[in-house]
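All remarks here apply to the structure that follows.
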Amino acid sequence: MNPLRVNLRIACLLFIGLSGGCQNSFMPGPEAENSYAYEQNTRLGRGVNIGNALEAPVEGQWGVRIKPEYLVQIRQAGFNSIRLPVRWDAHALTYPPYTIDTVFIHRVDEILAQAMKLGLRVIINMHHYDAMVMNPGAEKNRFLALWRQIAEHYATYTDWLYFELLNEPCCNITSEEWNTLVSEAITVIRDARAERTLIVGLTNGGGTDGLGALHLPRGVANIIVTFHYYSPFVFTHQGAEWIPGAESWKNVTWEGTAVERDRITEDFQRTAFFALEQHLPVNLGEYGAYGKAPYDSRVTWTKTVTTEALRQGMSMHYWEFCAGFGLYDTISGSFRKELMDAVLK
Ligand code: BGC
């Protein structure tokens, strides 16, 4: 191993330990072949997921239909980007050539056009592709065919549009399979546009558990790694109707004690260290606490996580805009101030 790299790593680790942060400028120059991805990650900055909309089986079915004014409000509040979860597989043929429904893709086009006009960068992903995570072998051709169509359709869209391969790879997708799928998807997408910045998640559900298992193909750059953070889960998901057993988790607070904070700091340092070794910039693609958690605790936790992500030079996307975790209250037509400050200040 190159001694320069070793020294830089030690310096960086010390830096992480002492100050809690290792900024991109600490990346070893000569080996930082992924430097464009760091720039692209910095441009993502702070953002929000527009969740429960296009990843519902049909937009509106989960209570959110994206209105142009939402994007305006997001931009005016100071966000740099949005993550747009999309359930492509619900709008495509289940047999070859797996054609994506034209009306649906035009709806995505419409939102992208609004975002671009406002100067918001956008990540589109593949979300809630349940068949894929349950049966990756059988679904692989369809997964790649969907990406081929998306990549070709958006081939002329420049660096403000990012693709994230799959939300929270989990269940029956092994790390080995995921590494192969990532490599194949990169080839398919970059056939359509070689410069596309790609975002890759971690197996085992997208959290820090999957760190270390991701092996990207050699010589491939312009990749950002993403992870999701919802720890402690009994706090962030208390009362969540879609999590078995969570309805009995009630009034769990998060006070921001030294022990609680240290736990978060350690998780973020571990993630930053893994990424540093791999020359990968990091996106925190989802973090948030459900609306049934005590509001003050949600604010304290969110502020703590935002601060950790910033210290580690990560881009971040709060989960989510106006549904159960919402930053924005559609009834009053305004943001929840304390939560917004926890994300943006
Ligand atoms: C899921 C959402 C869920 C959120 C928090 C997301 O990845 O798609 O359905 O609300 O995580 O659990």
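Counting starts at 1 for both ligands and their atoms, in listed order. Because the structure is a prediction, the values reported are computed rather than measured. As a basis for the values below, the full set of heavy atoms in this structure was taken, side chains included, without hydrogen atoms, waters or symmetry mates.
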Geometric N/O contact Glu286 with ligand 1, under 3.5 angstrom: yes
Looking only at distance, does Glu168 have an N or O less than 3.5 Å from an N or O of ligand 1? yes
Would you sort out whether Tyr98 and Phe143 count as a ring-ring contact (aromatic ring centres under 6.0 Å, His included), showing the intermediate values? CA-CA 9 Å; Tyr98 309 112; Phe143 171 75; over 10 Å; no
Nearest to atom 8 (O) of ligand 1, what protein heavy atom do you find, and at what distance? His127 NE2, 2.6 Å
For atom 2 (C) of ligand 1, what's the nearest protein heavy-atom neighbour? Residue, atom name and distance, please. Trp319 CZ2, 3.5 Å
Proximity flag [X] to ligand 1, non-hydrogen atoms under 4.0 Å:
X      : result
His128 : yes
Phe325 : yes
His237 : yes

Contacts satisfying ring-ring contact (aromatic ring centres under 6.0 Å, His included) that involve residues 110-135 (not counting sequence neighbours) are Trp62-His128, His127-Trp319
Within reach of ligand 1, part of Asn167 (heavy-atom separation under 4.0 Å): side chain
Verify whether the ring centers belonging to Tyr230 and Tyr287 lie closer than 6.0 Å. no
Salt-bridge contact Asp159-Arg121 (side-chain N to carboxylate O under 4.0 Å): yes
Taking NZ, NE, NH1 and NH2 as the nitrogens, is one of them in Glu260 or Arg263 under 4.0 Å from a carboxylate oxygen of the other? no
Please list, in number order, the atoms of ligand 1 under 4.0 Å from a heavy atom of Tyr230. 4 (C), 5 (C), 11 (O)
Residues at least two apart in sequence or cross-chain that pass ring pair (Phe, Tyr, Trp, His ring centres under 6.0 Å) with Tyr290, listed by chain then number, are Trp242, Phe325
Closest heavy-atom contact between Thr174 and Thr203? O-CG2, 4.1 Å
